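Written below as structure tokens is the structure these notes are about.
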Protein chains: 2
Amino acid sequence: MTGTPPRKRSQGRAAAIGLTKAQVLKAAIDLVDELGAEAFSIRELSRRLDVYPTAIYWHLGGSKADLFSEMTATITSDLMRPGEFCADWRDTLRELFRRYRRAAQRHPHLANLIGAQVSANGPRHAGLAEIVLAALRQAGYDGQPLADAMSALVGGIFGFVTMELAPQAPGARPDWAESFSAALDDLPEAEFPETRRAMPLLRNRAFVLRWSSGAEVPLDSAFEMLVDSLIAGLELRRAGAMAAWEAAGAAPGRRG
Amino acid sequence: MTGTPPRKRSQGRAAAIGLTKAQVLKAAIDLVDELGAEAFSIRELSRRLDVYPTAIYWHLGGSKADLFSEMTATITSDLMRPGEFCADWRDTLRELFRRYRRAAQRHPHLANLIGAQVSANGPRHAGLAEIVLAALRQAGYDGQPLADAMSALVGGIFGFVTMELAPQAPGARPDWAESFSAALDDLPEAEFPETRRAMPLLRNRAFVLRWSSGAEVPLDSAFEMLVDSLIAGLELRRAGAMAAWEAAGAAPGRRG
DNA sequence: ACCTGAACACCGTTCAAGT
DNA sequence: ACCTGAACACCGTTCAAGT
């Protein structure tokens, strides 16, 4: 069964189909959007493109992991042009992260990988880092506090989106959602008073207590609260963080 | 080759090894710690336990995905006993999230799954949600803003840890780290002035600009800044958020 | 250069059968 | 109840060969 040709094509013809790397990448993204990252396979991709699996490898020049990292890079490319900053650094950050989330929502299965794999997280996204750093410098951050604030923002907000768009485990039992819902109703009042009290607003609409992915039930207002609170907190704590760092010796390359 | 017995055991003996579900779970966690979630397989697990793969299934009563969700549940179990709150809600949250991160660091490959899969994210962790909700109520949050603040905290901070502990793609090229490092040096000064300026403090020590996983290079100070800023921001924005929600009709079950 | 064709060493999962 | 044994339908990846 291994060598069965993808479909009937002009019988035993061979070569020169005219596949390009861009076509492979596009088809791969479509397939992940459709099946999810877990169910995606090179072999299924090759079937859709009507070629042998090895043809994919020729165009890719790498492994499946490399393909994933190229796919995720398309999400953050061109989020914001360099000149496109807002006058206020807070508005710049808010706009940037909102755009990121919207881009992620278009490819939920891919976006989830950005948080889940370091390689999907590299210097291809440097343009985004530059904007965050520029905004934070405008806010008065520098040195180690600048580096920390940058990672706090990217990690917190990209991490939120990663979790929000986490897929249901593809191999889970079909009755999983129902048993999840039932488990919420069975939480004992004595042990979980606050959870039960807020349940109408939390049920399937908050982390830990939801069974649907954010692709189906988006957590819009929680995202807004995260972005606003984090920016407000960073603004508030700037002076203290900078003072502590300068007092500790402030040399670049040294740890605060 | 399919039916080759795991190892030589008392020849063709059969049955009554005395495997328990707890043993299977422990061995599975050890294996994920060693190989990572991607390389983990039921078959390899069965080899280590010196049984046929099907023996695993008998004890599990579910699929590989269900096994993963049971494994991740062990991370957040018993993070904080119910009575163990601090006097100040800010201290409660700080302590809770620090403990979570320390627990996650003990099983980096598993912790990463918590953010990456909804099923690893369910009512087994409800104890954690209860503590967060109680602390936020103490801070004066209620209704929809309470639900949003809870998801903002959990999503932001668990998301950060998920990203921090993201593994290097297991199938990536071996020269990947070097080419990553070189790519950072090649960022053009004109386009990336802020990134280049802060590079000594950012190189392999900040999201987007690192190639090592947080299991090897932890982002301690960035995590602290995230937690402190987010708590400070939630405190600051409480009054406004509550007022807006009450003005909008404040009925539970209705959206702000 | 671009692709076929076959092969290797794996998977997860099911189902029947043994003790 | 607890496990063996065999089988099914897949994978990713490599390597040689065709045109």
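Everything numeric here is computed off the predicted structure, so don't read it as measured data. By convention in this document, chain letters (A, B, ...) are assigned in the order of the sequence lines, proteins followed by strands, and residues within each chain are numbered from 1.
Candidate nucleotides dC3(D), dC3(C), dG12(D) were compared by shortest atom distance to the side chain of L19(B), and dC3(D) ranks first. The side chain of Y52(A) sits closest to dG5(C) out of dT4(D), dG5(C), dT13(C). For A55(A), counting side-chain heavy atoms from C-beta on, the closest listed nucleotide (dT13(D), dC3(C), dC11(D)) is dC3(C). Among the nucleotides dA1(D), dG12(D), dG12(C), the one closest to the side chain of W58(B) is dA1(D).
The partner of dC10(D) is absent, by the rule that a Watson-Crick or G-U pair needs both atom distances under 3.5 Å. In a base pair of the Watson-Crick type (N1 to N3 plus N6-O4 or O6-N4) or a G-U wobble (N1-O2 and O6-N3), with each distance short of 3.5 Å, dT19(D) is matched with dA1(C).
Atom CD1 of I56(B) is separated from atom C1' of dG12(C) by 13 Å (rounded to the nearest Å). The nearest whole Å value for the distance from the CZ atom in F40(B) to the C1' atom in dC11(C) is 12 Å. For the pair I42(A) CD1 and dC11(C) C1', the interatomic distance rounds to 16 Å; values are reported in whole Å. Atom C1' of nucleotide dT13(D) and atom CG of L67(A) are separated by 14 Å, given to the nearest angstrom. Atoms CD (E44(B)) and P (dC11(D)) sit 22 Å apart, rounded to a whole Å. As a whole-Å value, the separation of D66(A) CG from dG12(D) C1' is 13 Å. If you take CZ of R43(B) and P of dG5(D), they are 14 Å apart, rounded to a whole angstrom. Atoms CG (L49(B)) and P (dT4(D)) sit 11 Å apart, rounded to a whole Å.
Residues H107(B) and M71(B) fail the side-chain proximity criterion, which asks for heavy atoms closer than 4.5 Å. Side-chain contact between L187(A) and E130(B) is absent, with no heavy atoms from C-beta onward closer than 4.5 Å. In this structure the side chain of F97(B) reaches within 4.5 angstrom of the side chain of V132(B), judged on heavy atoms.
Dashed line: the shortest gap from a side-chain N or O of H59(A) to OP1 or OP2 of dA1(C) is not under 4.0 Å. Side-chain N/O atoms of R47(B) include one lying less than 4.0 angstrom from OP1 or OP2 on dC11(C). Of the side-chain N and O atoms in Y57(A), one or more sit less than 4.0 angstrom from OP1 or OP2 of dT13(D). OP1 and OP2 of dC3(D) both lie 4.0 Å or more from every side-chain N or O belonging to T54(B).
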**OP:** Given side-chain contact (heavy atoms from CB on, under 4.5 Å), test R102(A) with Q105(A) step by step and report yes or no.
**Re:** CA-CA 5 Å; R102(A) 273 198 295 270; Q105(A) 284 170 328; 4.3 Å; yes
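Between dA1(C) and dA17(D), the distance separating the two C1' atoms is 15 Å to the nearest Å.
With hydrogens and angles left out, the side-chain atoms of S151(A) and R205(B) include no donor and acceptor closer than 3.5 Å.
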